[in-house]
Each structure stands twice: as C-alpha cells, then as structure tokens.
Chemist: 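Handing you a structure now.
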Amino acid sequence: MRCQARTTTHVTGCLDEPPNGNHETFLKVAEVRNSCHTTAMRPSLRLLNLEVSSLQGSRTLYVCSVCRQEARPRPLVARQFLRNASNATPITERVRRKIWGTDNPPGLKDPYGGEGVLERKFKKDQPARQEEEPENLAQTSEQTQVENEAELASAEAYEPATTWEGLQRVGHLGRWSDLPPSEADAYESFMLKKKVTKKGQLSLAAHQAAVEVSLMHSLNKPLSKVCDVVEHDKSVFKMLWKCKIQPGEWKQAVVYPSKEAEKALVYIFEQIGGQPESAVAEETAEEVEEAVDESKWEDLVAEVNDSNVPFFGYADVRDKGFLSLSLSDPATKFAFLKRFSQLSGHYLPDPVVHSVATVGQVVEYVQSVLNPKPKKLADYLANSQGLQNLPNVKVFTKKQKPMDRDEELGRKKVIEAELRSRGLIDQKCKRYQH
Amino acid sequence: MATESQATTEHLTREAPNSVWTTEPARATTYSFPSMEPLRFVEYPRNHLLMPLRKDILHRAVIYEGDMTRQGSANTKWRDDVHGSGRKLHAQKGTGKARVGDKKSPIRKGGGVAHGPHPRDFSTSLPQKIYDQAWRIALSYRYRRGQLIIIDNDISIPEDATPYLIKEIFKVNNWGREFGRSTLITDQPNEGLFATVREVGEHAKILDRKDVDVKDLLETGRLIIEKQALDRILANHSRDLAAKPAKALY
C-alpha cells in the first residue's frame with residue numbers, strides 16, 4: 001500500500017498533503033521528487049550504474065523504485081549485458097565501434113561524459129583499500145619469496161601417489177585407536193610376557209626356581225628376594241642348571257657340581273636382595289666350566305646366542321630330583337610359585353595353589369593346562385595308543401556310511417561314473433546317495 | 001529276598017565312616033595390580049570363600065535384583081483418565097445404530113486403553129540372610145574355579161595412560177574377550193580409570209563396590225577385585241553369620 005501511494009504521488013506531483021497522515025513517508029517522497037525528475041525524463045544506460053551503486057553503498061541519495069524499474073534494461077538487453085559482462089570493453093565502447101564501423105572509433109572514449117558522481121565516489125573507496133594491501137605484501141614478500149623457492153624445489157621431487165598405501169593418514173575422528181600409544185602405556189609385567197610352553201622349558205623353570213629357593217633357604221635369606229634378579233647371567237644359569245636337587249629338606253636339597261660352583265653361587269646369592277651380581281660370577285664361572293665334565297649333557301644345549309630365547313637355548317634339565325620336593329611350607333611354596341611364574345609365565349589359580357604338595361604337581365598342572373583333554377570323544381579315542389595298536393579296531397572321527405566303504409575299496413568312482421552316465425544322479429551333485 | 005536280607009545285615013555290621021571336618025581356611029594369593037606380581041597369601045574363613053554352591057539361592061538373588069531394577073514406568077490412560085465428557089453419544093434407542101456410551105470407551109479411536117499399564121513397583125522381597133548368603137556363594141564359586149583374582153593395592157593406571165595399556169594388560173594376563181572378558185571391581189569409583197576401561201568394553205567391565213550386584217559377580221570370565229572391596233563386600237554380607245539364635249532370658 002505504501003509503495004502504491006508513493007508512485008501515485010510521484011506521477012501526479014501533488015505533494016501538498018501527506019498521504020495517510022504518515023509524515024515520514026511524505027518527507028521521503030518529497031525528497032525523491034527533487035532528485036528523480038531530472039533523470040526520470042531520460043532514462044539512459046548510465047542509470048544502470050547509478051542503480052547498482054545505490055544498492056551497494058551510498059544511502060544518502062535515494063532513488064525511488066519507479067526510477068529504478070524504468071532504468072532497468074529489458075530482459076533481452078539484460079541478457080546481452082550479462083553475456084558481455086566479462087568482456088574488457090564496456091558496452092558504450094562497443095556501441096561506438098558499431099556506430100563508426102571500425103575498431104578504433106574517433107572521439108571521446110565515453111561519449112556520455114565520463115563516470116557519474118556516484119561511480120566516482122564509489123571508486124574512490126576501492127583504490128584506497130588496494131593501496132593498503134601492497135604495503136602489507138611488501139613486508140611479507142621476502143618471506144614468501146623464500147617459501148616459494150622452497151616449494152618450487154620440493155615440487156620438482158614431487159611424485160603424485162597412485163594408491164593410498166604408504167600415505168600419511170590425515171584427519172580422523174579423534175578416537176583413542178586413531179592415536180599412537182603414549183609413553184605411559186608401556187606395560188611392565190612381572191611374569192614372562194610370552195608363556196613357556198615346552199615341557200623341557202617348564203622343567204627348567206621349575207628346576208631353576210627350586211635351586212634358587214633352596215639356596216636362599218640355606219643362606220637364611222628372605223625367600224621371595226630371588227625374584228629381584230629376573231634373569232641371571234648365562235654362566236650363573238649354567239651353574240644353576242648343573243646343580244642337582246636331593247629330595248628332602250629344602251635347606252640341604254642342593255647338590256653342587258663342585259666346590260667352586262658352590263662358592264660362586266653362595267657368593268652370588270649372598271648379594272641378592274642387596275645389590276644384583278654382575279661381573280663377579282664370570283671369573284669363577286670359567287673355572288667351574290673346566291672342572292666339570294659335562295660332555296654327556298652337551299647335546300641338550302642348543303648353542304643359541306640370541307638373548308630372546310628363554311633359558312639360553314637349554315632344552316631340558318639334567319635330573320628329575322627336584323620334582324619330589326615338598327611344598328608344604330606356605331612361605332616356601334609362595335616363593336617357589338612366585339619365581340616359577342616369573343620364569344615360565346604361568347600362574348596357578350588359588351585352589352590349585354593350595355592343593356599342590358610337590359614341585360612335580362606344579363609342573364604337571366601347567367602341562368595339563370597347556371595340553372587339555374580333547375573335548376570330543378572321537379579325538380580322544382583316535383589319539384589313544386591302546387586302541388591304535390589293536391589289529392582289529394579302527395577309530396574314525398566321523399560316522400562311516402556305505403559310501404565310505406565304497407571309497408575304501410576303490411569302487412566309488414566307478415559307481416558314480418556309471419550313475420551319472422545313466423542319468424540317475426544330478427550332474428552337479430558331488431556325492432551320490434545310497 | 002534272601003539276598004536282600006543278606007545285604008542289610010552286611011550294612012549293619014559295617015563301620016560307620018568317620019566324618020572328617022576340614023577346618024582349613026580358604027587361602028588366596030594377592031597381586032599388585034598392573035604388574036600382577038604375587039605379594040602374599042591371605043586367608044578367608046570357609047563360610048566366606050568356600051561356601052557350597054547353591055544354585056537355587058543364586059537364582060533367587062538374581063531374580064530379586066532383576067525385579068528391583070525394573071523401572072516399572074509404563075503408563076497409559078484408562079477410560080476414566082482420558083480427557084472428555086461422559087455424555088452419551090446418541091440415544092439408546094431409535095437411531096438404528098448400535099448402542100454407545102461415551103467417546104472415551106476403549107473400543108473407540110481416541111478412547112482409553114483397556115486395563116493398560118500404570119507405573120508400579122515390581123520389586124520382590126528376599127530375606128536379607130539369604131541374599132547375604134548369595135553374595136558369598138557367588139564369590140565362593142568364583143574362588144573355587146580360580147576366577148577370583150585379588151589385588152592388594154588399588155586398581156589404577158597412570159594419569160596419561162590410554163586404553164592401549166588396558167588392552168596390553170588384558171592380553172598379557174589372558175583376561176580378554178577370548179578368555180571370557182573380565183570384571184574389574186574397585187572399592188571407590190575412579191573416573192579416569194573407568195572411562196579408559198570402558199573404551200575397551202569388549203574385553204573388560206569395570207564397577208565400583210557400590211555398583212556391584214550378585215549378577216555382576218557371576219557374569220564374566222573372572223573377577224579382578226581389590227582386596228579392600230572384597231573384604232567390605234564380605235563384611236557387609238555376613239548378617240546371617242553374626243546372628244545368634246535367640247536365647248531364653250528366664
């Protein structure tokens with residue numbers, strides 16, 4: 001309604017009374033009349049610019065919507081204008097060229113008298129902004145130059161990837177699994193991280209634990225301190241390995257291979273709990289090696305220098321005396337089991353801990369856990385030696401059908417081929433039915 | 001008949017076997033948490049960790065807990081609760097239509113729900129002494145199967161540890177999913193630890209003592225419980241042991 005009122009006033013030019021009693025509207029319309037009547041008489045293309053600039057920036061000069069509507073070019077013209085908007089030559093220049101019929105028409109470049117007031121004003125703001133930018137650019141130009149050079153240098157060595165493999169992963173959802181583990185994630189386990197599974201190695205662990213605990217017994221030291229030294233030096237281990245265990249009291253259980261070995265081991269284990277032994281053992285160990293003749297046992301030792309191999313490549317124990325050592329004393333049992341789990345990586349659950357009475361039972365239990373009884377009866381029977389040795393008994397893991405008998409006798413293929421040829425079984429069917 | 005009589009006489013002449021009462025307490029090993037180093041042997045009374053298995057009591061306890069945790073918040077509007085008038089929609093006779101009551105009838109669209117649910121309390125009751133027994137039976141069951149791992153210190157991890165650490169601990173100790181998952185029980189809630197462990201929910205479950213139920217004790221492959229929490233659970237659930245038979249005072 002307001003817009004209509006305005007146009008009517010404009011057309012008639014009677015502005016003596018404010019329409020609808022709205023004083024503000026009236027004032028505005030009066031202003032419009034002053035500014036518009038000059039231009040509204042002759043709508044030219046220059047008004048296009050005027051309209052654009054009035055929309056963009058200055059609000060001081062008001063152009064009424066009728067003037068703008070009139071000045072707006074017809075759709076065809078507008079399209080042409082748009083199409084040529086990207087051209088460098090302005091439309092006035094092209095019109096002049098067309099009129100004169102040459103590419104270099106004589107006369108002023110802009111026959112309409114140059115830019116309008118608003119255009120000039122609008123343009124004045126822009127160069128000011130553009131001037132500021134070069135200053136900033138000048139400051140950073142040196143840096144960018146250096147960077148550009150570096151980029152150019154790297155660009156020469158750049159090879160575009162054809163697959164995603166090997167590329168750095170950029171961007172993720174921020175889940176913990178997208179990030180690498182932190183330093184605090186290192187886990188120090190008390191027991192061996194990779195469990196010992198071989199029977200000989202289990203015995204070695206039990207033997208070593210038994211010898212060490214009985215040594216601590218004989219030295220009257222706190223038994224659990226044996227765990228302070230996780231892994232002994234190879235020479236020390238060899239001495240421990242050569243020690244035999246006499247079933248009976250833990251205090252007198254160890255039978256040393258020689259006097260020198262006894263001295264060395266006692267010396268070493270005296271220090272456990274205080275400071276760990278290191279070089280002390282080695283000099284004595286060499287003497288011991290010469291003194292004892294162990295050619296019989298050499299074949300048990302696989303010469304492996306790799307430090308990752310448990311028990312330095314030793315495969316089995318020399319004697320089985322330690323298996324009958326009693327574990328009735330809770331402190332001894334605790335120390336032994338602690339050391340055993342440290343060396344072997346196997347824990348015994350609580351009820352088992354309190355049911356085992358000897359070292360042998362411990363080893364037995366761990367072996368039973370490692371080699372559980374087969375869950376299927378057929379597997380159990382198929383593996384039993386007693387049944388396998390019987391001449392008139394065969395154990396199958398599957399139920400035997402007549403087809404299996406045919407296969408055993410070697411006539412299955414013949415039967416199948418004959419059935420197929422007579423079309424009695426499906427061509428795709430793999431098995432025939434009896 | 002002759003053989004039967006013979007058998008009975010033999011039975012009579014045979015000596016009655018002496019019943020042997022073992023009074024040995026339940027012994028368990030305690031460990032230090034992240035490294036799982038055995039620290040010492042601890043003892044618990046037989047009526048704490050060596051209770052005979054009573055599946056019926058465990059069943060009652062689990063049902064009791066399940067009933068207690070039911071929300072029971074389902075709610076509907078019966079015909080009286082629906083907003084609207086009780087006006088008869090049309091006259092009883094003379095319209096040719098079936099007789100009707102008001103708009104809120106359950107057979108009409110927008111009507112009430114016939115005998116629909118209302119919020120209620122589903123909880124059932126269980127004698128306190130039986131419930132206490134159930135706790136100890138559940139723990140005893142775990143102990144006897146070697147699935148009760150007692151931690152002497154607090155279950156905690158370094159400040160900046162990530163779930164990788166929990167995963168590694170579970171892997172080294174065979175506690176993970178392929179071994180039936182494990183429940184960690186702490187005495188006090190520890191937000192950082194709980195958040196970290198919950199990231200690896202496929203391997204681990206973590207609860208603080210106040211959040212534990214009998215059902216939780218029976219759920220996963222093993223319990224890894226702080227000694228303090230275990231002691232408190234046992235102490236809080238021994239009311240049937242402490243009770244003495246009533247004595248006549250005269």
Side-chain angles (χ1 to χ4, degrees), chain A residues 173-195 197 209 222-228 230 327-357 362 365-366 368-370, chain B residues 22 24-44 46 49-50 139-150 156-175 192 195-202 221-223 230:
Chain A
L173 296 174
R175 287 170 304 212
W176 63 271
S177 51
D178 293 324
L179 303 162
S182 71
E183 280 179 19
D185 290 337
Y187 177 51
E188 293 275 324
S189 171
F190 170 75
M191 63 175 187
L192 208 65
K193 277 195 179 177
K194 197 165 182 251
K195 290 177 194 297
T197 50
L223 301 176
S224 295
K225 288 283 181 191
V226 285
C227 299
D228 289 0
V230 179
L327 289 175
S328 51
D329 175 33
T332 313
K333 184 188 262 187
F334 178 75
F336 172 78
L337 290 175
K338 187 172 178 178
R339 183 63 175 157
F340 177 71
S341 63
Q342 191 183 25
L343 291 172
S344 69
H346 290 281
Y347 278 127
L348 271 65
D350 288 330
V352 178
V353 166
H354 299 292
S355 65
V356 291
V362 174
Y365 171 77
V366 175
S368 71
V369 169
L370 287 172
Chain B
T22 47
E24 270 199 14
R27 293 206 186 88
T29 319
T30 61
Y31 299 88
S32 74
F33 174 63
S35 68
M36 291 309 287
E37 178 186 354
L39 292 181
R40 61 191 168 117
F41 284 155
V42 287
E43 290 186 355
Y44 284 93
R46 288 185 74 83
L49 282 190
L50 277 175
L139 288 168
S140 305
Y141 170 73
R142 288 307 201 170
Y143 168 77
R144 219 178 288 106
R145 301 190 55 146
Q147 293 166 343
L148 187 72
I149 296 164
I150 304 171
S156 62
I157 49 171
E159 277 276 304
D160 45 350
T162 62
Y164 283 109
L165 177 62
I166 303 289
K167 230 178 163 181
E168 180 68 11
I169 293 173
F170 273 58
K171 192 182 161 198
V172 169
N173 292 299
N174 290 356
W175 290 346
T196 313
V197 173
R198 275 171 193 155
E199 290 286 344
V200 279
E202 75 265 35
R222 64 199 58 69
L223 304 178
L230 178 65

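Lettering follows sequence order; numbering is per chain, from 1.
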Chemist: With a 4.5 Å cut-off on heavy-atom pairs, point out which of A/A184, A/S224, A/G345, A/P180 contacts chain B the most.
Modeler: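 Ranked by heavy-atom pairs under 4.5 Å with chain B, first place is A/A184.
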Chemist: Which one of A/Q342, A/E183, A/K193 has the most heavy-atom pairs closer than 4.5 Å to chain B?
Modeler: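 Greatest number of close heavy-atom pairs with chain B: A/K193.
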Chemist: So do A/Y347 and B/T29 actually touch side chain to side chain, heavy atoms under 4.5 Å?
Modeler: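 No, every pair of side-chain atoms sits at 4.5 Å or beyond.
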Chemist: Measure A/A186 against the heavy atoms of chain B and call it side chain, backbone, both or neither at under 4.5 Å.
Modeler: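 Just the backbone, heavy atoms under 4.5 Å.
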Chemist: Counting N and O atoms only, with roles assigned by atom type, does the side chain of A/D185 sit under 3.5 Å from a partner on the main chain of B/T162, one being a donor and the other an acceptor?
Modeler: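 A pair under 3.5 Å: yes.
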Chemist: Do A/D350 and B/R144 have side chains that approach each other closer than 4.5 Å (heavy atoms only, starting at C-beta)?
Modeler: no
Chemist: According to side-chain hydrogen bond (donor to acceptor under 3.5 Å, both in side chains), does anything in residues 163-173 of chain B pair up with another residue at least two apart or in another chain? List the pairs.
Modeler: A/Y187-B/N173
Chemist: Looking at every non-hydrogen atom in both residues, tell me the closest pair between A/F334 and B/R40 and how far apart they are.
Modeler: CZ-N, 3.4 Å
Chemist: Measuring heavy-atom distances to chain A, does B/L39 have an atom under 4.5 Å in its side chain, in its backbone, in both, or in neither?
Modeler: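 Backbone of B/L39 only, per the 4.5 Å heavy-atom cut-off to chain A.
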Chemist: Which distance, rounded to the nearest 0.5 Å, do you find between the CE of B/M36 and the CD of A/E188?
Modeler: 15.5 Å
Chemist: Given a strict heavy-atom distance threshold of 4.5 Å, which part of B/I157 is in contact with chain A: side chain, backbone, both, or neither?
Modeler: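 Neither part; nothing is under 4.5 Å.
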Chemist: Which one, B/P34, B/A161, B/G146, B/S35, leads in non-hydrogen pairs under 4.5 Å with chain A?
Modeler: B/S35
Chemist: Go through the atoms of A/K194 and report whether side chain, backbone, both or neither lie under 4.5 Å from a heavy atom of chain B.
Modeler: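 The answer is neither part of A/K194.
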Chemist: For B/V42, is it the side chain, the backbone, both or neither that has a heavy atom under 4.5 Å from a heavy atom of chain A?
Modeler: neither
Chemist: Considering residues, nucleotides and ligands other than B/Y141, do more than 12 of their heavy atoms fall under 6.0 Å from its OH?
Modeler: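 12 or below, so no.
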Chemist: Can you list every pair that meets salt bridge (charged side-chain N to carboxylate O under 4.0 Å, His left out) and has a residue in residues 330-340 of chain A, with sequence neighbours left out?
Modeler: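 Applying salt bridge (charged side-chain N to carboxylate O under 4.0 Å, His left out) to every pair that reaches into residues 330-340 of chain A, excluding sequence neighbours, yields A/E212-A/R339, A/K338-B/E37.
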Chemist: Less than 3.5 Å apart, any donor N or O on the side chain of B/D160 or A/S182 sitting next to an acceptor on the other?
Modeler: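 No donor-acceptor contact under 3.5 Å links the two side chains.
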Chemist: How many angstroms lie between atom NE2 of A/H346 and atom CG of B/N174, to the nearest 0.5 angstrom?
Modeler: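 Here the rounded value is 9.5 Å.
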Chemist: Heavy-atom distances under 4.5 Å only: say whether B/P163 touches chain A with side chain, backbone, both or neither.
Modeler: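 Backbone plus side chain of B/P163, per the 4.5 Å heavy-atom cut-off to chain A.
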